[in-house]
Amino acid sequence: MKRFDLIIVGAGPSGLSAAIEAAQRGLEVVVFDENEKPGGQLFKQIHKFFGSKEHRARIRGYVIGEQLLEEADKAGVKVVLNATVIGLYQDKEVVVKIGEEIQHYKGNSIVIATGAAENMVTFPGWTLPGVIGAGAAQTMMNLHGVLPGKKVLMLGSGNVGLVVSFQLLQCGCEVVALVDAAPRVGGYGVHAAKVARTGVPFYLSHTIVKAEGDDHVTGVTIAEVDDNFAFIPGTEKHFDVDTICLAVGLSPMSQLLKMAGCKMEDNPKRGGQVPICDEYGRTSLPGILVAGDVSGIEEASSAMIEGRMAGIVAAEYLGYIDKGTLDKELDKLSKALLDLRQGMFAPSNRGKAITETEEGIAISESLLRKGYVDDSEIERFPGVTHQSGVHPVIECTQNIPCNPCQDACPKKCISIGDNITSLPIVLPDSECINCGMCVASCSGQAIFLVNEDLGDGTATVTLPYEFLPLPEAGTNGVALGRDGKVVCDATVVGVKSMKAFDKTNLLTMRVPKEYAMTARFFKAK
């Protein structure tokens, strides 16, 4: 029976992060993963991450996956794929199915980083081909290059539902509606806004009545629900679709921990049945640690920090570092994790109705109920400015942990300050040089460069654009507002693409000057 200093189950962001930290401190580490490729969810995530530099902000998920794999390889981590861990027993014995063989291993310490699985909801027709999880749709699109469907309805307005809806649009699908039984959008407002301005309608306080079709999905009926989530008669709406995507939450895959005898609890705020553990991932069994979504559903950025903590704790547990070094490292990582757990979407705020920002500004009710900030509300936010010449307009309206725009501007026009969740501001008397770095770096695609008056009755709006084919200069079309409705005719002035923009193209369109502050998306005729 082969023995390792540290056995890690799961080669996702938390498992790989734990492996790197432990291996760099001298531990012999093996990582088992049931998939044929390592990286967990990272290689499905083509969007840019939030946070700060230390959280790998403004880097796309699949690039972060590549970075972690390279670091793990350099550190000497052994990654075994197509390896399903089917048992975790006494004395830290791990049973793994590799191919047709059952193999046994022992670890001096164990990190369980198995992540989470998609939840499903039932309704008439939910077993028809064409009803899929949002994660499955991501896998089809971003890993296998397969179109999930042509006309899609998304159920769920959390970050997963919003992000996958946008990626469906990017791959050429028509998203006919985004539906949620909750009365408010559950995910980041910037994610909702970039979906809404493409023209996707939001139906909050609605859910699916039934999926239609005989041997595959051909349509779907939704209806409004009351405060008790009962259907309101007469509110039914029908859509012709071939695909229904479900983004209705995740549940921790904690079965191995229960098998091992770890103390468990049912905790709805953490996603379901989870191990009882301390803030650094130590479970009730000495030497068995957890990291990532298996201990509570959060973002991948948090999972990576939790993984690093678990790897360092394992190193101290086995005597590779002293307690002083451990405490110093954990203090640093705890601060980075705390930064991510601040703001409106902090774990402590789950279930609470936030009515104003940290700055005392009333929250946009339109954003929460319709997916976009209404024109009558947008001016209240500090990043929305008016200046002569080209200047940034920052439509970031919620306190989320993110600050790449502050670092990206070479002229230091934008400031967030020391509090990573503060709303960004455009500094007075600052000089914008129209470089576009702020637009390209914004993980939420919430920054625009506007010249409100060119002197001939027109204005220009530069916006982030991640769709193909790219329009050419001179292309005529229409500008859509924040609500996704046509506001005016528009002409493409140019499309700028640079390596520094990391695949976010900057599309500049000319519009009548009275629409400079409302035109936010371009659609070719």
Side-chain angles (χ1 to χ4, degrees), residues 47-48 50-52 57-58 157-159 161-163 165-166 178 180 182-198 200 202 204 299 340 342-346 349 352-386 391-406 408-409 413-417 419-427 438-439 441-450 461 463-464 480-485 487 516-521:
H47 57 283
K48 296 177 180 178
F50 291 81
S52 64
R58 76 186 249 196
S157 69
N159 279 336
L162 298 171
V163 167
S165 291
F166 192 74
L178 201 150
D180 200 315
R184 295 185 167 199
V185 170
Y188 288 176
V190 288
H191 282 322
K194 71 184 184 183
V195 174
R197 64 176 174 254
T198 67
V200 176
F202 282 60
L204 282 300
E299 298 292 325
L340 289 174
Q342 299 299 309
M344 295 179 182
F345 294 87
N349 284 331
K352 296 180 181 179
I354 307 297
T355 59
E356 60 181 33
T357 70
E358 294 169 0
E359 295 81 4
I361 302 169
I363 295 296
S364 165
E365 284 298 316
S366 175
L367 177 65
L368 296 176
R369 299 185 184 280
K370 300 177 183 178
Y372 61 88
V373 181
D374 190 77
D375 294 345
S376 63
E377 300 171 316
I378 196 66
E379 296 282 346
R380 72 175 65 149
F381 297 99
V384 179
T385 62
H386 298 275
H391 61 92
V393 174
I394 309 174
E395 300 187 359
C396 185
T397 64
Q398 294 178 326
N399 301 117
I400 56 178
C402 194
N403 68 4
C405 57
Q406 177 175 261
C409 179
C413 297
I414 300 171
S415 176
I416 288 173
N419 185 358
I420 193 174
T421 61
S422 295
L423 294 180
I425 64 171
V426 179
L427 295 174
C438 60
V439 179
S441 71
C442 179
S443 305
Q445 299 194 10
I447 301 180
F448 307 85
L449 292 177
V450 179
V461 179
L463 53 92
L480 307 185
R482 298 179 184 90
D483 59 359
K485 296 177 181 177
V487 294
M517 298 302 288
T518 54
R520 290 297 177 262
F521 192 71

Subject >> Flag side-chain contact, heavy atom, 4.5 Å: Asp374 against Glu365 >> reply: no

**OP:** Locate the shortest heavy-atom distance separating Ala408 from Arg58; write the atom from each residue and the value.
**Re:** CB-NH1, 3.7 Å

Original post:
Among all residues two or more places apart in sequence or in another chain, which pass the side-chain hydrogen bond (donor to acceptor under 3.5 Å, both in side chains) test with Thr421?
Top reply: Glu358, Asn419

**OP:** Hey, could you give me the CG/OG1 distance between Leu367 and Thr397, rounded to the nearest 0.5 Å?
**Re:** 5.0 Å

**OP:** Search all heavy atoms of Ile354 against all heavy atoms of Arg184 and return the closest pair with its distance.
**Re:** O-NH1, 3.9 Å

**OP:** With sequence neighbours excluded, tell me which residues meet side-chain hydrogen bond (donor to acceptor under 3.5 Å, both in side chains) with Asn159.
**Re:** Glu299

Original post:
Sequence neighbours excluded, which residues qualify as salt bridge (Lys or Arg N to Asp or Glu O under 4.0 Å) partners of Glu359?
Top reply: none

**OP:** Name all residues meeting the ring-ring contact (aromatic ring centres under 6.0 Å, His included) criterion together with Phe381; count only those two or more places apart in sequence or in a different chain, and write none if there are none.
**Re:** none

**OP:** To the nearest 0.5 Å, tell me how far Ile425 CD1 sits from Ser415 OG.
**Re:** 5.0 Å

Subject >> Any residue meeting side-chain hydrogen bond (donor to acceptor under 3.5 Å, both in side chains) with Asp375, in chain and number order, not counting sequence neighbours >> reply: Arg482

**OP:** Working to the nearest 0.5 Å, report the span between CD1 of Ile414 and SG of Cys405.
**Re:** 5.0 Å

Original post:
Taking only residues two or more places apart in sequence, or in another chain, which ones meet Arg380 in a salt bridge (Lys or Arg N to Asp or Glu O under 4.0 Å)?
Top reply: none

Subject >> With sequence neighbours excluded, residues passing salt bridge (Lys or Arg N to Asp or Glu O under 4.0 Å) with Arg520 >> reply: Glu395

Original post:
Taking side chain as C-beta onward, heavy atoms only, is Cys413 less than 4.5 Å from Leu427?
Top reply: no

Subject >> Atom pair CD1 (Ile361) and CD (Glu356), whose distance is rounded to the nearest 0.5 Å >> reply: 9.5 Å

Original post:
Could you state the interatomic distance from SG (Cys442) to NZ (Lys48), rounded to the nearest 0.5 Å?
Top reply: 9.0 Å

Subject >> Side-chain heavy atoms of Leu449 within contact of Cys438, under 4.5 Å >> reply: yes

Original post:
Can you list the steps and then say if Met344 with Thr357 is a side-chain contact (heavy atoms from CB on, under 4.5 Å)?
Top reply: CA-CA 8 Å; Met344 295 179 182; Thr357 70; 3.6 Å; yes

Original post:
Looking at residues at least two apart in the chain, or sitting in another chain, which of them share a side chain to side chain contact (heavy atoms under 4.5 Å, CB included) with Asp180?
Top reply: Ser157, Ala182, Leu204

Subject >> Candidates Val190, Ile420, Leu423, Leu340 - the one meeting side chain to side chain contact (heavy atoms under 4.5 Å, CB included) with Ile400 >> reply: Val190

Original post:
For the side chain of Gln398 and the backbone of Gly189, is there at least one donor-acceptor N/O pair under 3.5 Å apart?
Top reply: yes

Original post:
Rounded to the nearest 0.5 Å, how far apart are CD1 of Ile447 and SG of Cys409?
Top reply: 9.5 Å

Subject >> ring-ring contact (aromatic ring centres under 6.0 Å, His included) partners for Tyr188, two or more places apart >> reply: Phe50, His191, Phe345

Subject >> Which atom of Ser443 lies closest to which atom of Cys402, heavy atoms considered >> reply: OG-SG, 4.3 Å

Subject >> Nearest heavy-atom neighbours spanning Val393 and Thr385 >> reply: CG2-O, 3.9 Å

Subject >> Side-chain heavy-atom pair Asp483, Ser366 within 4.5 angstrom cut-off >> reply: no

**OP:** Report the residues that fulfil side chain to side chain contact (heavy atoms under 4.5 Å, CB included) with Ala193, sequence neighbours left out, ordered by chain and then residue number.
**Re:** Arg197

Original post:
With sequence neighbours excluded, what pairs up with Ser364 under the side-chain hydrogen bond (donor to acceptor under 3.5 Å, both in side chains) test?
Top reply: Glu377

Original post:
Under the ring-ring contact (aromatic ring centres under 6.0 Å, His included) test, which residues partner Tyr372, sequence neighbours left out?
Top reply: none

**OP:** Would you kindly say whether His47 and Gln445 are connected by a side-chain donor-acceptor distance under 3.5 Å?
**Re:** no

